[in-house]
2 protein chains.
Amino acid sequence: MATISDVARSAGVSLSTVSYVLSGKRSISEPTRTRVLDAVALLGYRPNAGARALASASNRTGVIGLVVPLHEDADVNVVMQFVRAVTTTARRHEADVLLLTQEDSAGLERVTATALVDGLVVLDIAVDDPRIPLLAGLGRPVVLIGLPRETQGLSCVDFDFALAARTAVDHLARLGHTSIGLVSSSTSSVHQAGYADRLQAGFLEQAAAAGVRVATQSCDPTAAAARTCLAGLRAQRPDLTALVVHHEAALPHLVSALGEQGVRIPRDLSLVSVGAAGAAAGLPQPVDVVEVPVGEMGRVAVEMLSARISGAGTAEVRLLSSPLVTQGGSAPAS
Amino acid sequence: MATISDVARSAGVSLSTVSYVLSGKRSISEPTRTRVLDAVALLGYRPNAGARALASASNRTGVIGLVVPLHEDADVNVVMQFVRAVTTTARRHEADVLLLTQEDSAGLERVTATALVDGLVVLDIAVDDPRIPLLAGLGRPVVLIGLPRETQGLSCVDFDFALAARTAVDHLARLGHTSIGLVSSSTSSVHQAGYADRLQAGFLEQAAAAGVRVATQSCDPTAAAARTCLAGLRAQRPDLTALVVHHEAALPHLVSALGEQGVRIPRDLSLVSVGAAGAAAGLPQPVDVVEVPVGEMGRVAVEMLSARISGAGTAEVRLLSSPLVTQGGSAPAS
DNA sequence: GCACTGAATCGAAGCGCTTCGACGACGAAT
DNA sequence: ATTCGTCGTCGAAGCGCTTCGATTCAGTGC
């Protein structure tokens, strides 16, 4: 590997001149600039990332850490969407991504204390996440994806699940539906993350405001569970004419089950799904959706982190929202 | 952040003594050792990773790069299994993982040339992968997961798909099956990767050797495609009594379709799946499996990379295999 | 008693880079 | 003609660490 002094020698200038050509932090005459750049190209010189980080006043490594859940009941599709958005956005900010798993709890300390990373994006934050004190004590910028109970001094990005539910109920209520069911996930991590509860709160609030009767039921992502879930809802409210489904993995099974039972969407039942992009694609029956903008959340998280790393911006909570998209999944109540 | 000189001052020793206590590369008296370690604990000292890599003779950063496909038709489940295995194995080798996406083609050069990583694990290698010349010219250890046409001087890990197919056919032939179908994936990336072809070659070879009649058909991972695929196979060979399925995503649809058509496994049809771990779990009918040991492949890749980074080992190709596990998916031909 | 060994420690060099303070040269202003 | 400011460039310091002699101080053998 060529070093900066190889370049300096080859171009017949001093070390510092090469550095200034490359950083642009001082003016350099055009002929010198060209000679240096030619030497760089000739030697295929790339500055050593470690040395650069060591020497620079800002002390930045250009690497951000991404902490992902790799346990069983994390939705791999959603995690992958985050990963994709975070890595591509990081690249736009001249940063690379170091991957940490949630299980490697010592990793947070390790990569920040040893200055491997400039900051962290942490996925899958629980309402009472045990890592929060640790993260706060790291002395490095951190952005959480998720909404802990106490957000004082923390940067957080999340989707406004309560608003999404209110939007869905409002839409259905305006169509004349007066009895609406809610299907949510039954996995514990989803509940620890709190967003299921926030969504349900929004659902109930808007239903109360609109005078809508409700039924709620959790569901596992299997065909059998979907049938049981539907039966449970009907037992609670035989007059159900609409469903809000907040469970991307169970959605296909629910739609199939409805199809098998001869329930036509939207004629017999209106259905609104709240879930990650693509979750409602390729289903045998149409559903309306409020899309959880997973990629957007990852993008915003990196942008916030990047700002904080460069000293700009302060801790803030950003709740994203997205519109309900009708695609034939709902109809006026008959 | 405390530096090594803070520790030295606090312990009343020289810089180098602290370094030797921490690395164990020279003998240090017990009292001094203790004083230094106490100071380290007191100050919460963690050596700066960049400085360490810069100064050390080995020049290692303790970071390996992992190049993953993030495009649409990559199976997220499989990718995630690789990621999990690679990160956990890397940790056992004191390394962290930097994530690169396949799309970021300049990334390979960037992270190696700037000495961000000590080596690379590259997933999803195509038979004629355009990155191979680039990877060879990097001057850093690289382990490929997949099997390119030319493996000269390259470290590769893959599953022996041909052997898996021969195993499956042999198993079925011994049960008296004389007409066996093969279902494979139709996505182009699967074929570029070459393993589908290797599996098919093994399938045909063993079938010929055992005097078994065959039918082959590709399939998309949807319910409709599964039905079409089965119809296609029956059209080729109305007497089919067994199926080898090499397509984890289509497997559930195929099994459902068979169930709907009243085909009982294993009474009416024997079915062997070749696919990633967990792909055959939770199906409504039993299937036998030859498991593609995705996690194992990731583990072996990191182990090989780790050896090459520390100067040990030479380029080699490792083909893993795994046994056929019978779990009620096959029965003697009637 | 003396050179000799080995254990324990230190000082200094240097990894590859950034950055600060000089410094010479030159045109503008006085 | 002298001073001043700018521009372009250089040298040296230093980021935090590892590592290679060198040094000191027992302890050993003769």
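Numbered from 1 within each chain, the chains take letters A, B, ... in sequence-line order.
Residue B:I28 is the one, among B:I28 and B:L54, whose nearest nucleotide of DNA chain C lies closer to the 5' end (criterion: closest heavy atom). Summary of the strand contacts: B:A2 and A:P31 both lie near DNA chain D, and taking for each the nucleotide with the nearest heavy atom, the more 5' one is attributed to A:P31.
Of the residues in residues 42-51 of chain A, those lying under 4.0 Å from DNA chain C by heavy-atom distance are A:Y45, A:R46, A:P47, A:N48, A:A51. DNA chain C is contacted by A:S16, A:S19, A:Y20, A:K25 of residues 7-25 of chain A, taking any non-hydrogen atom closer than 4.0 Å.
Among the atoms of the strands shown, only primed sugar atoms or phosphate atoms (P, OP1, OP2) are found under 4.0 Å from some heavy atom of B:S29. Residue contacts for B:S56: at a heavy-atom cut-off of 4.0 Å it reaches the sugar-phosphate backbone alone, with no base atom in range.
Considering only residues two or more places apart in sequence or on other chains, B:E316 meets the salt bridge (charged side-chain N to carboxylate O under 4.0 Å, His left out) condition with none of them. Residues passing the side-chain contact (heavy atoms from CB on, under 4.5 Å) test with B:S19 are B:I4, sequence neighbours excluded. The ring pair (Phe, Tyr, Trp, His ring centres under 6.0 Å) check on A:Y195 picks up A:F161, A:H246, with sequence neighbours excluded. B:S14 is linked by a side-chain contact (heavy atoms from CB on, under 4.5 Å) to B:S16, B:T17, counting only residues two or more places apart in sequence or in another chain. Residues that satisfy the side-chain hydrogen bond (donor to acceptor under 3.5 Å, both in side chains) test with B:S306, not counting sequence neighbours, are B:H93. Residues passing the salt bridge (charged side-chain N to carboxylate O under 4.0 Å, His left out) test with B:D158, sequence neighbours excluded: B:R198. In this view, B:L54 and A:A51, A:L54 satisfy the side-chain contact (heavy atoms from CB on, under 4.5 Å) rule, not counting sequence neighbours.
For residues 125-148 of chain A, every residue pair satisfying the side chain to side chain donor-acceptor pair (under 3.5 Å) rule, not counting sequence neighbours, is listed here: A:D128-A:R149, A:D129-A:R131.
Between A:R26 atom CZ and C:dA22 atom P the separation is 12 Å, expressed in whole Å.
Counting heavy atoms from C-beta outward, A:V68 and A:Q102 have side chains that stay 4.5 Å or more apart. The shortest distance between side-chain heavy atoms of A:L120 and A:T112 falls below 4.5 Å. A:T101 has its side chain out of reach of A:V67: every pair of non-hydrogen atoms, C-beta onward, lies at least 4.5 Å apart.
Interface limits on DNA chain D: the 5'-most and 3'-most nucleotides within less than 4.0 Å of chain B heavy atoms are D:dG16 to D:dA22.
Note on the helix from C:dG1-D:dC30 to C:dT30-D:dA1: terminal axis deviation equals 60°, with five pairs used at each end and the result rounded to 10°.
The existence of a salt bridge linking A:R9 and A:D6 is confirmed by a sub-4.0 Å separation between a basic side-chain nitrogen and an acidic carboxylate oxygen.
Looking only at atom types and distance, the side chain of A:D160 has no donor-acceptor partner in the side chain of A:S321 under 3.5 Å away.
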